[in-house]
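Have a look at the structure below, then the notes.
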Amino acid sequence: MPRENRRYERYEVSGAVQSKSVNIIRGINVSLSGIRILMDKKLDNNHVIDMTFSMPGITNIFAAEAKVVWQKPLGVENKFDTGLVFNKINVDKRKE
């Protein structure tokens, strides 16, 4: 069995990951240090994106600033698997 080298556990992204500056097709997973998303545009490493997202079982909305650290084309036109690391992250506490 391969050894897991990730520093933080990954969690599914339950809702839409949204940004006003780029089109994010969907969120894949998130950890304490970053997020993996599917995009329709190639971006340079270190490109900074402001985004919001939610996680399963948590009613809060997370607002984050993250920078692109890797991107891989998926072999489908205009689809890029994208990894970002968080620069800043804030939690907007929703009222129940």
Derivation and outcome, side-chain contact (heavy atoms from CB on, under 4.5 Å), residues N45 and V69
CA-CA 5 Å; N45 281 356; V69 291; 5.7 Å; no
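With contacts defined as side-chain heavy-atom distances shorter than 4.5 Å, the pair N87/K67 qualifies. Between K72 and F80 there is no side-chain heavy-atom pair separated by less than 4.5 Å.
For D44, the CG atom is loosely surrounded, since the number of other residues' heavy atoms within 6.0 Å does not exceed 12. Heavy-atom neighbours of K42 NZ from other residues, nucleotides or ligands within 6.0 Å: above the threshold of 12.
Cluster annotation: I28 and V22 are assigned to distinct hydrophobic clusters (Ile/Leu/Val/Met/Phe/Trp/Tyr, side-chain heavy-atom contacts under 4.5 Å, transitive). Following chains of ILVMFWY side-chain contacts shorter than 4.5 Å, one cannot reach I25 starting from M55, and the two form parts of different hydrophobic clusters. Residues L38 and V68 are members of separate hydrophobic clusters, defined by side-chain heavy-atom contacts under 4.5 angstrom among Ile, Leu, Val, Met, Phe, Trp and Tyr. Hydrophobic clustering of Ile, Leu, Val, Met, Phe, Trp and Tyr side chains at less than 4.5 Å, counting indirect connections, unites V91 with V30. Hydrophobic cluster membership is shared by W70 and V85, with clusters built from Ile, Leu, Val, Met, Phe, Trp and Tyr side chains linked at under 4.5 angstrom.
The OH atom of Y11 sits 11.5 Å away from the CG atom of N29 when rounded to the nearest 0.5 Å. Atom NE2 in H47 sits 10.5 Å away from atom OG1 in T82 (nearest 0.5 Å). Here the straight-line distance linking atom CD1 of I61 with atom CG of N90 works out to 13.0 Å at 0.5 Å rounding. Separation of atoms CD (E65) and CD1 (I49) is listed at 10.5 Å; rounding is to 0.5 Å. To the nearest 0.5 Å, atom CD of residue Q18 and atom OG1 of residue T52 are 5.0 Å apart.
Q71 and K41 make their closest contact through NE2-O, 3.1 Å (heavy atoms, listed as atom of the first residue, atom of the second, distance). Nearest heavy atom pair, residue G27 against residue I37, reads CA-CG2, 4.2 Å. V13 approaches S54 most closely through the heavy-atom pair CG1-O, 3.5 Å. A66 and F86 make their closest contact through CB-CD2, 3.9 Å (heavy atoms, listed as atom of the first residue, atom of the second, distance).
Inspection of the D40 and N78 side chains reveals no N or O donor paired with an N or O acceptor under 3.5 Å.
E9 places no side-chain N or O within 3.5 Å of a backbone atom of L32 that could act as its donor or acceptor partner. Under the 3.5 Å distance criterion, the side-chain polar atoms of S19 are matched with a main-chain donor or acceptor of D50.
Contacts classified as salt bridge (charged side-chain N to carboxylate O under 4.0 Å, His left out) and involving residues 76-86 (residues at least two apart or in different chains) are given here: R36-D81.
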